[in-house]
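Since the structure comes first, as structure tokens, the remarks are kept for the end.
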Amino acid sequence: QNVPMATAAPKVQVKDTYRVAFSQNASNNPWRLAETASMQAEAERLGYQLTVTDANNEQTKQIQDIRGLIAQRPDALFMAPITEQLGNVVAEAADAGIPVFLLDRDVDTSVAKRGEDYVTVIVSDFVQQGRRAAWAMAKATGGNATIIELEGTTGSSPAIDRKTGFHEAIGQCPGMRVVVSQSADFTRAEGQSVAETLLQSHADATAVYAHNDEMALGAISAIRAAGKVPGQDIKVVSIDGSRDALTAVDSGELFATVESNPRFGPRAFQALQRYAQEGQVPVQQILEDRLFDSSNAAEFIPEAY
Ligand code: AHR
């Protein structure tokens, strides 16, 4: 990877300990809880003081949270931005001289510049996750599928990129088509209610692609409620790798889940330390993700979140 280094963002002084903040966008699913827990555990291990805010899945609250954290002048501000529209508030932090590290989601880079308005973004390759979900779907269905797509939070980088990658890949498969796409906001409850409606309006659907596990698990309940057998009548593929999803893969209700690793704590604080010491880090860091299917899901259940 030829990634430029962050050199123009606000600097971090080398210190024995840091006072840092993390703006989390929601705590409404196991993935988010695992991400927050990873940040807290690593801060505790290092003896850093960490303040965490939870935006309750509301963009306006996250903007308020971030402005409140800027006013506290932490040594560094970590953020998991709810949508790509948070570029302006990232730039506000930089203007206030606070180094920002984005975790798990990106912002619009035409508004906030990598390496200038924020030091780095540490993320999975969401486009590749979408492609891998499509390849798994092709395997599950033999390349013939009438697909319902449950999208994540509208305007979030994972929803945008997981859609792009999936559609790009199924474009290579003449027998696979998405007949309807709708947001279910990355939650199990909405996944279930949106899938219930879409399964009625698209009774010919043979597959569900969900942008995360929680929506897939909601869809599996909806499939059962519609009198169909998940994994047999309707194949389901998703992204994350939560414990409930791995259990569903093991039981055959979910065909596969592409990993999206929420454990950012160690990488986040390593990036902070390296930036303090060297004055520069790559402006983007991509996590390696695995694929969980019937061949390995059971093995990973004990370590899952
Ligand atoms: O940004 C990562 C996504 O956000 C995860 O897939 C999802 O579960 C979370 O809410």
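Just so you know, ligand 1 is whichever comes first in the structure, and atom 1 is the first atom listed for that ligand. Owing to the predicted nature of the structure, the values given are computational and were not obtained by experimental measurement.
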Side chains of residues 296-305: which donor-acceptor partners sit under 3.5 Å, not counting sequence neighbours?
from, atom 1, to, atom 2, distance (Å)
Asn296, OD1, Asp293, N, 2.9
Asn296, ND2, Leu291, O, 3.0
Tyr305, OH, Asp240, O, 3.4

ask   = Do NZ/NE/NH1/NH2 and the carboxylate oxygens of Arg32 and Asp54 come within less than 4.0 Å?
value = no
Which side-chain N or O atoms in residues 134-143 pair as donor and acceptor under 3.5 Å with protein atoms at least two apart or in another chain?
from, atom 1, to, atom 2, distance (Å)
Thr141, OG1, Met137, O, 2.8
Thr141, OG1, Gly143, N, 3.4

inquiry  = Can you confirm whether more than 12 heavy atoms, excluding those of Glu278, are under 6.0 Å from its CD atom?
reply    = yes
Below 3.5 Å, can you tabulate the donor-acceptor pairs from side chains in residues 123-130 to any protein atom, sequence neighbours excluded?
from, atom 1, to, atom 2, distance (Å)
Ser124, OG, Gln129, NE2, 3.4
Ser124, OG, Asp289, OD1, 3.4
Ser124, OG, Asp289, OD2, 2.9
Asp125, OD1, Val127, N, 3.3
Asp125, OD1, Gln128, N, 3.0
Gln128, OE1, Arg131, NH1, 2.5
Gln129, OE1, Arg162, NE, 2.9
Gln129, OE1, Arg162, NH2, 3.0
Gln129, NE2, Glu259, O, 3.2
Gln129, NE2, Ser260, OG, 3.0
Gln129, NE2, Asp289, OD2, 3.0

remark   = With Phe269 as partner, the option from Tyr18, Phe78, Phe264 fulfilling ring-ring contact (aromatic ring centres under 6.0 Å, His included) is Phe78
task = Enumerate the protein residues lying less than 4.0 Å from ligand 1, judged by heavy-atom distances, in chain and residue-number order.
result = Asn29, Trp31, Arg32, Asp104, Arg105, Pro158, Arg162, Asn212, Asp240
